[in-house]
Amino acid sequence: MKLLSAVVNSFGCSASGERLVSAARDGDFQEAQALLEYNPRLARYSTFGVRNSPLHYSAAHGHHEIVYLLLQSGVDVNLRNYRGQTALMQACQHGHWEVVLILVLFRASIHKADYLNGGTAIHLAASNGHSRCIRLLLADYIPSIANFRNIMSKITDNEESTSGFDHRALSQVINQPADGGITALHMAALNGQVGSVQLLLDLGASVSEVTVGDGTVIDLIGAGSTALHYAACGGNAKCCQLLIARGASLTIENANGWTPLMVAHSWHKSWLEDILSSEPVGQPKLILSPYLSLPLMSIVQIARDCGWSTKSALGCQDPCVVCLERKCAVAAEGCDHEFCTRCALYLCSTNCGSTTARGPPGSVSCPLCRNGIVSFVKLPEKSPVVKEIVRTSLSLSSTCQCSHDSPLKSTSLTTQLRTLELCRTHDSPLGLPFRCQRFPSIKFNSNLCRETPDICHSLVPRYAHWNLRNHLARCSRPGF
């Protein structure tokens, strides 16, 4: 019997797990919430074969509400499928930046590599041109400092870290190779993703990294190829110009003895001949990526410590000016404008304007004053405002200045109780003025008194007219 019960329970869990997978794939938040409330362990369910969990499906389809729900249920944020892919990889592959943001807040690892080709989440985001996802993945490596661009333009490989900025850690993440030595810059250049190439170069991606010949990926260009070789194979002129402006060599040869120009000829990219045949005349004008978003590290750290999805502004006198739904929790350094944590996160994640804002390159333009925001600071917790009480008198005033109505007279079986007044003093000894308030008028029926002989006379105010109290007493007697 125990074996039969275990088999039945396993089939029941499998059916519920498949329902949760369907809800995560289709974005049915209510269904997913109901299933997780019934059995929170369903969040760890995985499908047969590919071993995809509900977290993988919701991340791949961009349902960030369900992703957040699953993570709150305790599922492992770095859960892998049969290929070794995490939910973060699948979200980066499809460009769902809101999912990437939530996963980064829950400290998803960006160093996990695919079992088949060794690619990471940055490789997948760069290959598909999702620059916003790339920037979110690097939120813990790019400091919120105004002189970040000056540091990046002056540092060398042998220089020590300055200003608390570990540029070596950033360089290792940016230039982490997959199988065959392919970096994220190689993938972005091959697929002609101009925005991603520009962002990677601004963040310190190396143009001199070359591929190797012992990878699992079939390399049709040849080992020893740089990102410029891959850009020539892809045929995007803008990518080639960006790489050349950042110091890519036109004469370097790969293992096959091919230069970037020869690669372009072999893949019939004749329109690149003028670009790859000679060095550009004069100093090229470098345009910074609009996705730098320097305040991102500061707001991500605040969101991890203090939360970002709660703190409703119900009853708050000064809510966030952007959403008008949540309390202000952070302030922008410089202009001191206050926002809620979620709006500050979305502002840093979605900002892709020009770098000509009134601030250093990479700052985010404030939506209220257009000043450049470099970092956010957490606001101190505001305690409820308590007015100072000044005691002006030690005696209670018993004189009421309210006007009372004339005494009530019961002339019919149906008597209307006139509005009773709540008598209070206008000037209390605490110094707080009060005013008299009226209760709403009440219709009183004597037939109701017969049906309820056990009426409680204590409910009648003591200051009510004596005739009214006698009338209620007679109504409660049997046979009245």
Colleague: Any side-chain heavy atom of Arg326 sitting closer than 4.5 Å to one from Cys343?
Modeller: yes
Colleague: Between Thr211 (side chain only) and Ser225 (backbone N and O only), is there a donor and an acceptor less than 3.5 Å apart?
Modeller: yes
Colleague: So which heavy atom on Ile110 is nearest to which on Thr120, and how close?
Modeller: O-CB, 3.9 Å
Colleague: Taking the side chain as everything from C-beta on, heavy atoms only, tell me whether Ser196 gets closer than 4.5 Å to Ile134.
Modeller: yes
Colleague: Could you go step by step and tell me if Leu368 and Val322 meet the side chain to side chain contact (heavy atoms under 4.5 Å, CB included) rule?
Modeller: CA-CA 9 Å; Leu368 301 178; Val322 178; 5.8 Å; no
Colleague: Answer yes or no: is there a side-chain heavy-atom contact under 4.5 Å between Ile299 and Thr341?
Modeller: yes
Colleague: Of the non-hydrogen atoms in Leu136 and Trp97, which two are nearest, and what is the gap between them?
Modeller: CD1-O, 3.4 Å
Colleague: Could you go through Val67 and Leu55, starting from their C-alpha distance and side-chain angles, then the distance that decides it, and tell me whether this counts as side chain to side chain contact (heavy atoms under 4.5 Å, CB included)?
Modeller: CA-CA 6 Å; Val67 169; Leu55 184 63; 3.9 Å; yes
Colleague: Within the supplied structure, the quantity of interest is the number of heavy atoms (other residues, nucleotides, ligands) at a distance under 6.0 Å from Arg25 CZ; does it exceed 12?
Modeller: yes
Colleague: Nearest heavy-atom pair of Cys239 and Ala231: which atoms, and what distance?
Modeller: CB-CB, 4.3 Å
Colleague: Return the minimal non-hydrogen interatomic distance between Ser349 and Leu296, and the atom names on each side.
Modeller: OG-CD1, 4.3 Å
Colleague: Roughly how far apart are Leu35 CG and Gln30 CD, rounded to 0.5 Å?
Modeller: 12.0 Å
Colleague: Do Val197 and Leu201 have side chains that get closer than 4.5 Å, going by heavy atoms?
Modeller: yes
Colleague: Could you check whether any side-chain N or O of Ser73 sits under 3.5 Å from a backbone N or O of Val75, counting only pairs where one atom can act as donor and the other as acceptor?
Modeller: no
Colleague: If you measure only the distance, is there a donor-acceptor pair under 3.5 Å linking the side chains of Asn117 and Asp179?
Modeller: no
Colleague: Answer whether the closest heavy-atom distance between the side chains of Glu18 and Tyr45 falls below 4.5 Å.
Modeller: yes
Colleague: Does a donor on one side chain and an acceptor on the other come within less than 3.5 Å for Ser22 and Asp26?
Modeller: no
Colleague: Do Ser249 and Thr226 touch side chain to side chain, with heavy atoms closer than 4.5 Å?
Modeller: no
Colleague: What distance separates Leu261 CG from Leu250 CG, expressed to the nearest 0.5 Å?
Modeller: 8.5 Å
Colleague: At what distance, to the nearest 0.5 angstrom, does CD1 of Ile252 lie from CH2 of Trp258?
Modeller: 15.5 Å
Colleague: Look at the aromatic rings of His96 and His94 and report parallel, tilted or perpendicular, splitting at 30° and 60°.
Modeller: parallel
Colleague: Determine whether Leu105 and Val300 make a side-chain contact, defined as any pair of heavy atoms from C-beta on separated by less than 4.5 Å.
Modeller: yes
Colleague: In sequence, state the C-alpha distance, the side-chain angles, and the governing distance for Ser375 and Leu294, and then conclude on side chain to side chain contact (heavy atoms under 4.5 Å, CB included).
Modeller: CA-CA 7 Å; Ser375 64; Leu294 291 182; over 6 Å; no
Colleague: Whether Arg51 engages the ring of Tyr82 as a cation-pi pair (distance to the six-membered ring centre under 6.0 angstrom, angle to the ring normal within 45°) should be assessed.
Modeller: no
Colleague: Roughly how far, to the nearest 0.5 Å, is CE of Met187 from CG of Asn128?
Modeller: 8.5 Å
Colleague: Return the CD to OH distance between Gln172 and Tyr141, rounded to the nearest 0.5 Å.
Modeller: 9.0 Å
Colleague: If you measure from CG on Leu137 to NE2 on His130, what distance do you get to the nearest 0.5 Å?
Modeller: 11.5 Å
Colleague: Considering only heavy atoms from C-beta outward, does the side chain of Ser131 approach that of Ser289 to under 4.5 Å?
Modeller: no
Colleague: How about CZ on Arg107, more than 12 heavy atoms from neighbouring residues, nucleotides or ligands closer than 6.0 Å, or not?
Modeller: no
Colleague: Let me see the working for Asn78 and Leu88 under side chain to side chain contact (heavy atoms under 4.5 Å, CB included), right down to the final yes or no.
Modeller: CA-CA 8 Å; Asn78 295 315; Leu88 183 62; over 6 Å; no
Colleague: Minimum heavy-atom separation for Val374 to Pro360, with atom names?
Modeller: CG2-CG, 3.5 Å
